[in-house]
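Per chain, numbering begins at 1; letters A, B, ... match sequence-line order. None of the values given here were measured: they were computed from a predicted structure.
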There are 2 protein chains.
Amino acid sequence: MPGSVEIINTGNELLEGRTLNTNGQWIARRCSSMGISVRRITVVGDSLEDISSALREALSRRPDLIIITGGLGPTPDDMTSRAMAHALGRELELNEEALEMVRRAYGVPELGPAREKLALLPEGARPLENRLGKAPGILVEHGGTRIIALPGVPDEMKAMFEDHVLPLLEELSGGLIRFEAHFLAYGVRESDIADLLEAVRERYPEVYVKTHPRVEEGRSYLEIYISTLAPSSSEARSRMEKAIHELSEGISGRGGSFKPFRPTQ
Amino acid sequence: MPGSVEIINTGNELLEGRTLNTNGQWIARRCSSMGISVRRITVVGDSLEDISSALREALSRRPDLIIITGGLGPTPDDMTSRAMAHALGRELELNEEALEMVRRAYGVPELGPAREKLALLPEGARPLENRLGKAPGILVEHGGTRIIALPGVPDEMKAMFEDHVLPLLEELSGGLIRFEAHFLAYGVRESDIADLLEAVRERYPEVYVKTHPRVEEGRSYLEIYISTLAPSSSEARSRMEKAIHELSEGISGRGGSFKPFRPTQ
């Protein structure tokens, strides 16, 4: 059974809709492609109370990993580290290893209080090297859940994800990979094939099927997404082929057409 | 004091990162521009248990309004209405007004069970007309919080937002509007101006200031976002001008430059 992840994205700009939450999607996509299920994505503002309650609530659901983005910078509204300490009931302490990383990042031996803040970590936490920016990430364990905080700047977040999160995901994935296929169905509506979908889902519980109604230039159709988690592509193919065959037959039998499709994103 | 909103976006495609949560951003932007604060955005999958716990948790924070998107369609994995009933401890019932809307939408008097499902609403809920699609939205009140469920299809969601949510937001906004200004600062880093930001925030508590570090073609700079909620633009201007002046002086005094900027999105 592959592991589970929760994502917490922080930042008032997300709650005000000034910024699209591409960090959340990018992380979700990466986890999901390795067969690791993201159970929830929570967006909260730059508030000590809101970040720490989101973290406490996520911990209560006992995921294997919680990934937090944003709020690691030097300004007073950057409060992820403090919120982590608060949620875990730990003290904030100046972490020597983090201090060394921050000194190296700024290229100076003496840091003022704003820069020193980047090295204030919850007790027992480990700093994570940030190759592209100044603020180290944070890794801390609590009751069987690992919590990783990454910067909100997308390039820094992505580089640190590759460096520090990927090895944990590989450990959690148990060697499973998600295999996917996309189809388009014309001439049938969701309500016409609801019973067919239910039958296919019951017969092939390891195959995930989801329909999305679309409209293009006034023409309605369904996009059908099919996936499975498998250790190999041959195993995935044999599972999915049967389900796809039944869907195709069922849709033709209802007067519709069904064909493979390659999505743009 | 303007009202507060929480947003719950449902759909496995969001948790798997196959779809970017543009619905969440769009709704957040609309609320925020009317001065209504979005306190949290929660993304959960197509799971009865996950949707209903997200809703129960949101209710416990007592926002004025909870907006849910997705999961209103005819297929078995569309379970928002059932999850609402579950969270509120109410029965699902066939709503006559909703049934009429669904019949009109399909243009037929007799509905099969998949289509009839679109008219199954929590007891005491009111269906909301969907001009562009089949599934009615749902409005229900619970302990001072209004809960509105809208479809996940963006065009339908937006049209129904204008029809049914906007009037509620106008009521909640108390006539306040958000006024915004954007600036770019070169030659200073966040850590150089952390104390300046803190001083400006303390002196002008009604003015919101946030910095975002950016890098473009190897050159680092700061984007500075400034906003305030005010009943008129003259009131907003007089408040913001002083804060902007202090920021500009402070940044110049630290060897940086500061100029207005128009963001692309």
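The contact between A/Arg39 and chain B is made by backbone and side chain atoms together, counting heavy-atom distances below 4.5 Å. When heavy atoms are compared at a cutoff of 4.5 Å, B/Asn21 approaches chain A solely by way of its backbone atoms N, CA, C and O. Residue B/Lys134 touches chain A through its side chain alone, counting heavy-atom pairs closer than 4.5 Å. Using a 4.5 Å cut-off between heavy atoms, A/Asn12 contacts chain B through both its backbone and its side chain. No part of A/Ile7 comes within reach of chain B, as not one of its non-hydrogen atoms sits under 4.5 angstrom from that chain. In this structure, chain B has heavy atoms under 4.5 Å from both the backbone and the side chain of A/Asp77. Neither the backbone nor the side chain of A/Arg30 comes within contact range of chain B; no heavy atoms are under 4.5 Å apart. Residue B/Leu15 touches chain A through both its backbone and its side chain, counting heavy-atom pairs closer than 4.5 Å. With a threshold of 4.5 angstrom between heavy atoms, B/Arg189 approaches chain A through side-chain atoms but not through N, CA, C or O. A/Thr22 touches chain B through backbone and side chain together, each having a heavy atom under 4.5 Å away.
Using a cutoff of 4.0 Å between basic side-chain nitrogens and carboxylate oxygens, A/Arg115 and B/Asp192 are scored as salt-bridged. B/Arg40 and A/Glu57 are joined by a salt bridge, as a carboxylate oxygen and a charged side-chain nitrogen come within less than 4.0 angstrom of each other. The residues A/Glu13 and B/Lys210 are annotated as salt-bridged, a charged nitrogen and a carboxylate oxygen being separated by less than 4.0 angstrom.
The candidate with the highest count of non-hydrogen atom pairs below 4.5 Å against chain A, out of B/Asn9, B/Ile41, B/Val38, is B/Ile41. Between chain B and the residues A/Pro213, A/Gly112, A/Ser191, the largest count of heavy-atom pairs under 4.5 Å involves A/Ser191. Contact count versus chain A (heavy atoms, under 4.5 Å) is highest, among B/Ile27, B/Val153, B/Asp46, B/Leu14, for B/Asp46. With respect to chain B, the highest number of heavy-atom pairs below 4.5 Å among A/Val43, A/Asp155, A/Val5 belongs to A/Val43.
The environment of CZ in A/Arg62 is sparse: at most 12 heavy-atom neighbours from other residues, nucleotides or ligands sit within 6.0 Å. Applying the 6.0 Å contact sphere to CZ of A/Arg61 captures more than 12 heavy atoms from other residues, nucleotides or ligands.
Between A/Gln25 and B/Arg18, the closest side-chain pair of non-hydrogen atoms is not below 4.5 Å. Two residues are said to be in side-chain contact when any heavy atoms from C-beta on lie closer than 4.5 Å; A/Thr75 and B/Thr211 meet this criterion.
In terms of heavy-atom proximity, B/Gly73 sits nearest to A/Glu190 at CA-OE1, 4.4 Å. Between A/Gly17 and B/Arg29, the shortest heavy-atom distance links the atoms O-CD, 3.5 Å. Here the closest non-hydrogen pair linking A/Ala114 and B/Ala194 is CB-CB, 3.6 Å.
Not a single donor-acceptor pair under 3.5 Å links the side chain of B/Glu16 to the backbone N or O of A/Ser32.
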